[in-house]
Every structure is written in C-alpha cells, then in structure tokens.
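The basis for the numbers below is simple: all heavy atoms, side chains too, and nothing from hydrogens, waters or symmetry mates.
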Amino acid sequence: MSQSTTAELAPAPTIEELEEQERRLVFQRFSYEDAWALGSLLVEMARERRLPIAIDIHRAGQQLFHAALPGSTPDNDAWIDRKRRVAVRYGAPSYLVGSRFRAKGTTFEHSSRLDPDVYAAHGGSFPIRVADVGVIGAVTVSGLPQVEDHRLVVAALEKFLGTSAG
C-alpha cells in the first residue's frame, strides 16, 4: 500500500489533535530565509510524492514564496487565497476552523457570515505564529483533498521546526 493510500485511510484529525498541532507548531522568528527554506522543503516533499499542488507563504500581507508544481492549476491559487484569509483572520489552521463549524452541526459557508468567494475553511492553510508576537502570516497548500493538504503542511512544519506529535 502506498504512503498516500495509507494516509487517506487514517481517520481525520480531531479538533483536539488540530488544537495540539496549533499549540506545538510555533516559530521563534520567521524571516525571508525561513520562508524560502520552508517553501523549498514543501516543494521537495511534494516532488518526492509527485503531488499536483501549489504552495504559498505570506507574511504581513506580502507573498514571500510561491510554487506551482506539475498538475496544479490556477484554481489552486484561488483556493490558496481563500484558505489563507481564513487562517489569518481566525488565527487558526483553516481545517480547524472548518472542523469547529462542522462540530456545531453547521458549515463555515452557512454560519460564518463571510463571503465564500473570499474565505474558505478548507484544510491546507496553517498560520505562521511567532512566540510572543502572534500570527504574522500563513503557509498554504492546495491541490489535494483538504485533509491531505492539511497533513502535508503539518508534516513540513514539524520537520522544519524539529517537532512531532507526542
């Protein structure tokens, strides 16, 4: 069984697991060089798996990194923008925001009062949180099912920050 097939069979993360990831994946600082290194790591991980994704890193409203890999489309860039807006606005991973709405028996699109053409609470955008500063931007992936977009970003952040669950 391939790695991606195994991951697809894993249960979706719980709200508690998502909140734990959010607490654990915090930067001490985040520079232009960090954006390049994190983005390059995501490109390397995606190329190894032949993933058709687009990758974006924003800080303080400025795009610091962008890559579109074979198989990605302009729609991925539109999804990136919408997911990033959710992660930055809520200060939480876009997948966690959507999960919280689903846990209440509703959807983000129905209950957030935000334009779904501008905001998407789908997995794949993770806020860049700097210790003692707060959320300064987001790293976002688009092109896979939302839980897989989320997992890829988390795996890259864990590797980059040298952390893991447990």
Side-chain angles (χ1 to χ4, degrees), residues 2-13 15 18 21-22 25 30 32 34-104 106-129 135-160:
S2 74
Q3 181 178 354
S4 63
T5 305
T6 303
E8 290 166 10
L9 297 176
I15 289 176
L18 295 167
Q21 291 169 351
E22 182 182 30
L25 299 173
F30 193 80
Y32 289 96
D34 293 324
W36 180 260
L38 177 58
S40 297
L41 173 61
L42 273 161
V43 167
E44 177 185 323
M45 293 170 72
R47 282 184 173 158
E48 286 173 1
R49 301 172 194 176
R50 294 190 170 114
L51 301 177
I53 63 170
I55 301 160
D56 179 87
I57 300 176
H58 263 69
R59 182 185 72 181
Q62 181 183 20
Q63 184 178 54
L64 301 185
F65 186 93
H66 183 83
L69 300 181
S72 65
T73 70
D75 282 345
N76 296 124
D77 292 331
W79 276 100
I80 281 171
D81 289 343
R82 293 167 57 220
K83 293 191 284 187
R84 181 185 65 250
R85 287 185 191 107
V86 166
V88 172
R89 182 179 184 119
Y90 285 82
S94 55
Y95 190 72
L96 174 57
V97 173
S99 295
R100 286 176 172 156
F101 277 90
R102 288 187 294 276
K104 293 177 185 173
T106 186
T107 65
F108 176 84
E109 294 79 9
H110 180 73
S111 297
S112 71
R113 297 180 177 234
L114 296 172
D115 184 345
D117 290 335
V118 179
Y119 295 90
H122 292 257
S125 189
F126 206 98
I128 298 169
R129 184 179 313 279
V135 173
I136 62 162
V139 54
T140 311
V141 167
S142 177
L144 306 172
Q146 66 170 327
V147 71
E148 296 306 314
D149 278 346
H150 174 81
R151 286 182 175 135
L152 181 62
V153 172
V154 168
L157 287 169
E158 288 174 341
K159 189 170 185 178
F160 187 83

Would you say [X] and [Y] make side-chain contact, with heavy atoms under 4.5 Å?
{"X": "Asp77", "Y": "His66", "answer": "yes"}
{"X": "Pro127", "Y": "Pro93", "answer": "yes"}
{"X": "Leu42", "Y": "Ile53", "answer": "no"}
{"X": "Phe65", "Y": "Leu38", "answer": "no"}
{"X": "Tyr119", "Y": "Val97", "answer": "no"}
{"X": "Pro13", "Y": "Val147", "answer": "yes"}
{"X": "Leu18", "Y": "Ser99", "answer": "yes"}
{"X": "Ser125", "Y": "Val141", "answer": "no"}

Side-chain H-bond candidate by donor/acceptor type, His122 with Asp149, under 3.5 Å: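 Side chains of His122 and Asp149: no pair found under 3.5 Å.
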Any donor and acceptor pair, going by atom type alone, linking the side chain of Asn76 with main-chain N or O of Thr73 inside 3.5 Å?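 Side chain of Asn76 to backbone of Thr73, a donor-acceptor pair under 3.5 Å: yes, one is there.
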So, the side chain of Arg129 versus the backbone of Gly91: is there a donor-acceptor pair under 3.5 Å, distance only?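 Judged by distance alone, yes, a pair lies under 3.5 Å.
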If you take all heavy atoms of [X] and [Y], which pair is closest and at what distance?
{"X": "Ala138", "Y": "Val88", "value": "CB-CG2, 4.1 Å"}
{"X": "Val43", "Y": "Ala67", "value": "CG2-CB, 3.7 Å"}
{"X": "Pro52", "Y": "Leu144", "value": "CD-CD2, 4.1 Å"}
{"X": "Ser94", "Y": "Ala87", "value": "N-CB, 4.3 Å"}
{"X": "Ile57", "Y": "Ala35", "value": "CD1-O, 3.4 Å"}

Show your reasoning for whether side chain to side chain contact (heavy atoms under 4.5 Å, CB included) applies to Leu51 and Leu69. CA-CA 8 Å; Leu51 301 177; Leu69 300 181; 5.8 Å; no
Please name all residues satisfying ring-ring contact (aromatic ring centres under 6.0 Å, His included) with His150, sequence neighbours left out, ordered by chain then number.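 His150 satisfies ring-ring contact (aromatic ring centres under 6.0 Å, His included) with Tyr95 only.
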Roughly how far, to the nearest 0.5 Å, is [atom2] of [Y] from [atom1] of [X]?
{"X": "Thr107", "Y": "Arg102", "atom1": "OG1", "atom2": "CZ", "answer": "9.0 Å"}
{"X": "Gln63", "Y": "Thr140", "atom1": "CD", "atom2": "OG1", "answer": "10.0 Å"}
{"X": "Ile80", "Y": "Asp75", "atom1": "CD1", "atom2": "CG", "answer": "11.0 Å"}
{"X": "Ile136", "Y": "His58", "atom1": "CD1", "atom2": "NE2", "answer": "12.5 Å"}

Could you tell me whether Glu148 and Arg151 make a salt bridge, using a distance below 4.0 angstrom between a side-chain N and a carboxylate O?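 Between Arg151 and Glu148 there is a salt bridge, with a charged N closer than 4.0 Å to a carboxylate O.
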Evaluate Leu114 against Phe108 for side chain to side chain contact (heavy atoms under 4.5 Å, CB included), listing each step before the verdict. CA-CA 8 Å; Leu114 296 172; Phe108 176 84; 3.9 Å; yes
Candidate list Arg84, Arg85, Lys83, test salt bridge (Lys or Arg N to Asp or Glu O under 4.0 Å), partner Asp56, passing option: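 Going through the options one by one, the only one that passes is Arg84.
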After noting the C-alpha distance and the side-chain angles of Ile15 and Leu96, does the key distance pass the side chain to side chain contact (heavy atoms under 4.5 Å, CB included) rule? CA-CA 6 Å; Ile15 289 176; Leu96 174 57; 3.9 Å; yes
I want to check a possible cation-pi pair here: Arg59 against Tyr32, using under 6.0 Å from ring centre and within 45° of the ring axis as the test.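 Checked: cation-pi criterion met.
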Verdict with supporting geometry, Asp34 and Phe160, side chain to side chain contact (heavy atoms under 4.5 Å, CB included): CA-CA 9 Å; Asp34 293 324; Phe160 187 83; 3.9 Å; yes
Within 6.0 angstrom of Arg47 CZ, more than 12 heavy atoms from elsewhere: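 Not buried by this count: 12 neighbours or fewer within 6.0 Å.
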